[in-house]
Amino acid sequence: MQAEFRAPRRRTRVQEEYEAPLPVSRSPRERTDLRAELINLHVLVCQPDHIQKIYNQGYFGKGVLSRARPDHSIFDQWEQHEGSFLPLVSESRYDEMLKWAGAALFAQGLDDEAVSQILTRLSQPVEMEDVRREETSSSYRDPESDPDPLVRGAGFVLVCDSKVGGGVREVRRAPFSLSEYLQLSLEEAFFLVYSLGCLSIYLHQEPLTIIQLWRKFRSLRPDFVSSYAAYHHFRSRGWVPKGGGGAKYGVDLMLYRKGPPFYHASYSVVIERVDDAFIGSALRPFSWRSLAALNRITANVSKELMLCYVIHPAAQSEAELDSPECLRRLKVQDVIISRWVSSRERAEQDDI
Amino acid sequence: MDDAPYRQEEDSSALDVVGVGVCDSAPLLWRMEDLKTLRSHGLVGALLGSLPRTPRQNGRLGRPLRLLPEEERQLSEQHAAAALPSGNQQDGGGVDLLRQVEQHEEEQRRSYEVQSVLALEERKSALLRAMTSSHTDSASGPGTSDEALRGRLEALDHSFTFPCAALAVQLSTSRAGLTYCPVDRAVLRADWPIRAQPDTCGDVRYQVFRDLRGRGFYLTSAGKFGGDFLVYPGDPLRYHAHFIAICLSLDESVCVLDVLAVARLGSNVKKTVLLCSPGTDGAVRYTSLQWSGMV
């Protein structure tokens, strides 16, 4: 009986292009400087071009309003109009959005006069030259210092006056817009900062050093060392480990080849922390019953269960764990668990 | 059936007593009437043995029947089961056993002799066929071929031995002997304990088992699904399981990933997961989990 390694299963409909495995360029002279913010214990990337780069090259992170890629939009119908791609809304929906914008302005303390003035100014029809001019000169706005959506004036919409398609389209300003951020998990953020060196994380406009980040993340998650060691191990093997989706299957990580849009997840990983003699306080204490359930559900969704043991050296002090240098003394061992059904193997032998 | 007079001797109001054989701490039922009695109590058990006629499969299994520890405990609390005396067969049947062995060996010897004669006959006829067919092909005279044939046959007579390993042995597949159980039924009393020491651990499981059984559900083991019991609304031969019951004590802490995994499994196999905990007042509290919606 031998261990069987199954090839990753490709998804049936692949709509994306594979750009690059990691958001770093091949030539050593080019430096990638990406920026993220540590806001309220989460790492968020706010600039749209940085978001695209980090997500498309390596599939790091998750859009805060979306399932995977940050592509949430409040408009679901879009149309080409004189050279620009604009969202299409009906008159009634546009009025509804104006009302919401008005309510937001009221909440900010403006009086009736000012609100109705702003709304009338907003709903004036706009010429296409203005649209094109604004599109070419889009500049970065800091999310923290600019909370007012109306001042940002992002985007234009096509308002059509009849419910059925066809009818005159009018270009107007969108009353408000929603920009979505990319949220990185702690392990992903630390990997980009420490291993690749392409990301800087800012806290209150100040970039954090690697040691500060390590200590901050360790204070946020007590088992950060083991989970980061496992993440780093799988990334360096070429897998794309995704953390959040693991809870769906009762595990810590799901491993994808190249990325979630291309292949189904190959392995479900449970991270365990042990010391040299393979004894340790289990991060996830299994009983036979829970291991059987996990094995069964993993087989039902066509993945394979893998236990990843992060082995700490015998004499390791707290002080040593205080710096990412402790990573070089850790070892990682992977064990794949599969269920052996005796009658199935016998049937195969009978055929032979 | 020869069991009928015994059954009439017992008190008709008392339930029949099930004889349980203990093999290395596993409670087993061997006799057909015990299996039927068990089913009438509403307990199912699990068949373990292979069937003599279809040995190389485990889709359908035969006796013995293994009881869950909770089933055994319930039977002993209801005084409906007793230990099968295990040494009974050998005490009275020592002489019988020797005689049976001698008979068997005698039969084997006779069978060997008959079979060796038959084998020799068959070899000779095969040789004859081979020689005559080659004789028609070759152009030699009839006299020399007859002599050669006779010579070959005599050589075969001298040198032929029938190997023991080629002996065909008949196995009796019907009445494999489990119905023959020389235990005096009247001797089987319900106050014989099945085991010496009571089983104190597994109390949580037993309370849940007793509660669900009292509500009329049939329970079997759910090791395959990572639960404790599979709960059927009626006899398992007629219904699919509705629930997977997992027994937890109220102060036990459970990892949330385990709860997610088992809830997901339940929806994959179309059963509802029940988390069962016996409360302090003796009543059992049930929480059902359903996985709804996927993001």
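Naming: A, B, ... by sequence-line order, numbering from 1 per chain. As a basis for the values below, the full set of heavy atoms in this structure was taken, side chains included, without hydrogen atoms, waters or symmetry mates.
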### Query
What pairs of residues pass the ring pair (Phe, Tyr, Trp, His ring centres under 6.0 Å) test when at least one of them lies in residues 208-265 of chain B, not counting sequence neighbours?
Phe209(B)-Phe229(B)
### Message
Heavy-atom pairs under 4.5 Å with chain A: which of Val262(B), Leu260(B), Asn268(B) has the most?
### Response
Asn268(B)
### Message
Could you report the tightest heavy-atom contact between Glu252(B) and Arg289(A), atom names first, then the distance?
### Response
OE2-NH2, 4.3 Å
### Task
Could you check which of Gly227(B), Gly266(B), Gly223(B), Ala222(B) has the highest count of heavy-atom pairs closer than 4.5 Å to chain A?
Gly227(B)
### Task
Determine the minimum heavy-atom distance between Gly226(B) and Ala292(A), stating which atoms define it.
CA-CB, 3.9 Å
### Query
Between Gly250(A) and Ala261(B), what is the shortest heavy-atom contact and its length?
CA-CB, 4.1 Å
### Query
Which atom pair, heavy atoms only, marks the closest approach of Lys248(A) to Trp291(B)?
O-CH2, 3.6 Å
### Sorted by number, residues from residues 251-270 of chain A in contact with chain B (heavy atoms, under 4.5 Å)
Val251(A), Asp252(A)
### Summary
Of all heavy-atom pairs linking Arg284(A) and Cys255(B), the shortest is CD-SG, 3.6 Å
### Task
Tell me, please, which residues at least two apart from Tyr231(A) pass ring pair (Phe, Tyr, Trp, His ring centres under 6.0 Å).
Phe191(A)
### Query
What residues of residues 293-305 of chain A sit under 4.5 Å from chain B when only non-hydrogen atoms are counted?
Ala293(A), Leu294(A), Arg296(A), Ile297(A), Asn300(A), Val301(A)
### Query
Which distance, rounded to the nearest 0.5 Å, do you find between the OG of Ser290(A) and the CG of Leu257(B)?
11.0 Å
